[in-house]
Amino acid sequence: MQEKTSATPPAAGASAQRGRFETLARALDGELARLALWGKVEQDYQKQYADVLAPLETVEVELKARLVFCFDHACKQKELTKAERQLASEIAAQLAEETLCSLELDGTPAECDTDRLKALYRKHGGGDFDADFAEEREAAGAPAEEPPAPQAEADDTALALLAEVRALAAMEADKRDAAGEDRYAEYNRVLEARLAGVAREIAAAERGFKARYRFDPEQSIDPADLMEDLEAEIADVREYIGELEFELEQFVDMQQVKAWLKAMKRQLAATRRREARN
């Protein structure tokens with residue numbers, strides 16, 4: 001059950017320690033609500049991720065692997081010009097890298113010929129995937145941090161004081177005057193310690209979440225936005241899968257591939273011109 005320490009703003013003429021008490025009690029309420037939200041969102045996110053996003057990511061990786069093989073095949077076709085074969089090779093190298101990163105760094109489960117993908121990465125990109133991404137592979141193997149269990153108060157005295165704090169915070173404002181300045185100072189020390197403990201639990205929950213779901217460690221996350229962001233990511237992956245399926249359909253006819261590569265070349269040229277202007 002979530003702790004409740006609700007307090008109304010300090011009355012006019014209230015002591016400095018009592019005013020501090022009111023402020024700390026409201027801050028603790030806010031932090032406890034945030035910690036509880038992290039717990040709920042983590043459960044909802046994990047279910048939606050496992051049921052919807054993860055299977056879509058597997059489909060995406062397998063389609064990209066098939067495209068790598070298709071572009072490698074296109075590089076050998078005489079119907080394509082030298083420039084078109086070069087572009088197909090560049091795309092094969094990029095897709096091979098993305099696919100291998102998903103398989104070996106992100107741990108996406110997919111039925112792909114990893115050895116063949118590494119060979120094509122070497123053929124079209126000129127590098128060795130295992131060597132090029134050695135540091136990333138090592139980091140990917142590190143276990144995700146699990147958030148610690150909520151810490152108990154240091155001793156029975158602290159527990160008793162925290163219970164008093166909760167009782168006092170629930171009282172009407174005029175009934176709090178019975179506690180003297182020294183007592184409020186002692187209560188404030190308990191509230192400050194509890195606030196620090198809850199802040200550590202929130203930070204650990206956020207770090208663990210980022211590690212499990214491959215978020216940038218420096219990225220700021222609001223748990224209230226996570227489910228909406230996840231739905232947007234699912235929509236993006238579905239759209240990308242549609243694009244990959246369309247690209248695969250082009251390889252039925254090498255003339256279609258030729259036309260598609262020409263369009264891609266124009267698009268890349270336009271992008272480079274925009275980047276040069278900026």
Side-chain angles (χ1 to χ4, degrees), residues 49 51-137 140 214 229-278:
Y49 183 95
D51 292 350
V52 182
L53 182 58
L56 288 173
E57 289 180 332
T58 296
V59 172
E60 175 192 328
V61 169
E62 291 175 349
L63 289 172
K64 287 168 84 170
R66 289 172 56 192
L67 270 174
V68 174
F69 305 146
C70 288
F71 278 110
D72 175 62
H73 177 71
C75 293
K76 308 167 190 173
Q77 305 308 305
K78 293 183 179 180
E79 296 98 316
L80 302 183
T81 65
K82 182 178 179 180
E84 289 164 350
R85 290 196 298 271
Q86 177 59 36
L87 178 56
S89 179
E90 292 173 7
I91 296 173
Q94 180 63 36
L95 285 173
E97 178 180 318
E98 292 176 7
T99 305
L100 287 167
C101 285
S102 295
L103 291 168
E104 301 216 344
L105 303 185
D106 298 340
T108 304
E111 295 184 5
C112 299
D113 188 340
T114 303
D115 291 339
R116 186 181 175 192
L117 286 168
K118 288 181 178 179
L120 292 178
Y121 174 86
R122 185 181 302 108
K123 173 182 176 181
H124 295 287
D128 180 277
F129 180 82
D130 292 335
D132 292 348
F133 290 87
E135 291 184 6
E136 290 85 346
R137 285 165 63 90
R214 307 189 299 275
D229 292 345
L230 179 58
E231 291 296 338
E233 185 175 1
I234 288 170
D236 288 343
V237 173
R238 283 179 171 145
E239 181 178 354
Y240 186 41
I241 286 173
E243 294 173 2
L244 294 173
E245 290 173 335
F246 170 80
E247 291 172 13
L248 279 169
E249 291 172 358
Q250 307 312 301
F251 286 90
V252 174
D253 182 347
M254 197 52 58
Q255 290 305 311
Q256 289 183 202
V257 175
K258 190 176 180 71
W260 184 81
L261 284 170
K262 284 183 178 178
M264 177 64 69
K265 187 177 180 180
R266 288 194 297 269
Q267 182 179 335
L268 288 172
T271 300
R272 287 166 183 158
R273 286 195 297 272
R274 285 195 299 271
E275 290 174 350
R277 286 196 298 271
N278 293 334

When rounded to the nearest 0.5 angstrom, what is the spacing between [atom1] in [X] and [atom2] in [Y]?
X	Y	atom1	atom2	answer
Leu53	Glu233	CG	CD	5.0 Å
Gln77	Lys258	CD	NZ	11.5 Å
Arg214	Thr108	CZ	OG1	5.0 Å
Leu120	Leu100	CG	CG	9.5 Å
Asp132	Lys118	CG	NZ	11.5 Å
Phe133	Asp128	CZ	CG	11.0 Å

**Prompt:** Hey, is NZ on Lys76 packed in by over 12 heavy atoms from elsewhere, all under 6.0 Å?
**Reply:** yes
**Message:** Could you check whether atom CD of Glu243 has more than 12 heavy atoms from other residues, nucleotides or ligands sitting under 6.0 Å from it?
**Reply:** yes
**Message:** Let's go through Glu104 and Asp130 carefully: what are the C-alpha distance in whole Å and the side-chain angles of both, what is the deciding distance for side-chain contact (heavy atoms from CB on, under 4.5 Å) to 0.1 Å, and is it a yes or a no?
**Reply:** CA-CA 10 Å; Glu104 301 216 344; Asp130 292 335; 3.9 Å; yes
**Side chain Glu84, main chain Thr81, donor-acceptor under 3.5 Å** = yes
Between [X] and [Y], is any pair of side-chain heavy atoms under 4.5 Å apart?
X	Y	answer
Cys75	His124	yes
Leu244	Arg66	no
Leu261	Phe71	yes
Phe129	Leu117	no
Phe251	Leu67	yes

**Message:** Per the side chain to side chain donor-acceptor pair (under 3.5 Å) rule, what does the pair list look like for residues 260-269, sequence neighbours excluded?
**Reply:**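 Not a single pair qualifies under side chain to side chain donor-acceptor pair (under 3.5 Å).
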Taking every non-hydrogen atom, the tightest pair across [X] and [Y]:
X	Y	result
Val61	Ala110	CG1-CB, 4.0 Å
Leu248	Cys70	CD2-SG, 3.9 Å
Ala93	Tyr121	O-CD1, 4.2 Å
Val237	Glu60	CG1-OE1, 3.6 Å

**Prompt:** So which of Glu245, Glu57, Glu97, Glu98 actually passes salt bridge (Lys or Arg N to Asp or Glu O under 4.0 Å) with Lys64?
**Reply:** Glu98
**Request:** Take Gln86 and Glu90 through the side chain to side chain donor-acceptor pair (under 3.5 Å) test and state the conclusion after the steps.
**Result:** CA-CA 6 Å; Gln86 177 59 36; Glu90 292 173 7; 3.3 Å; yes
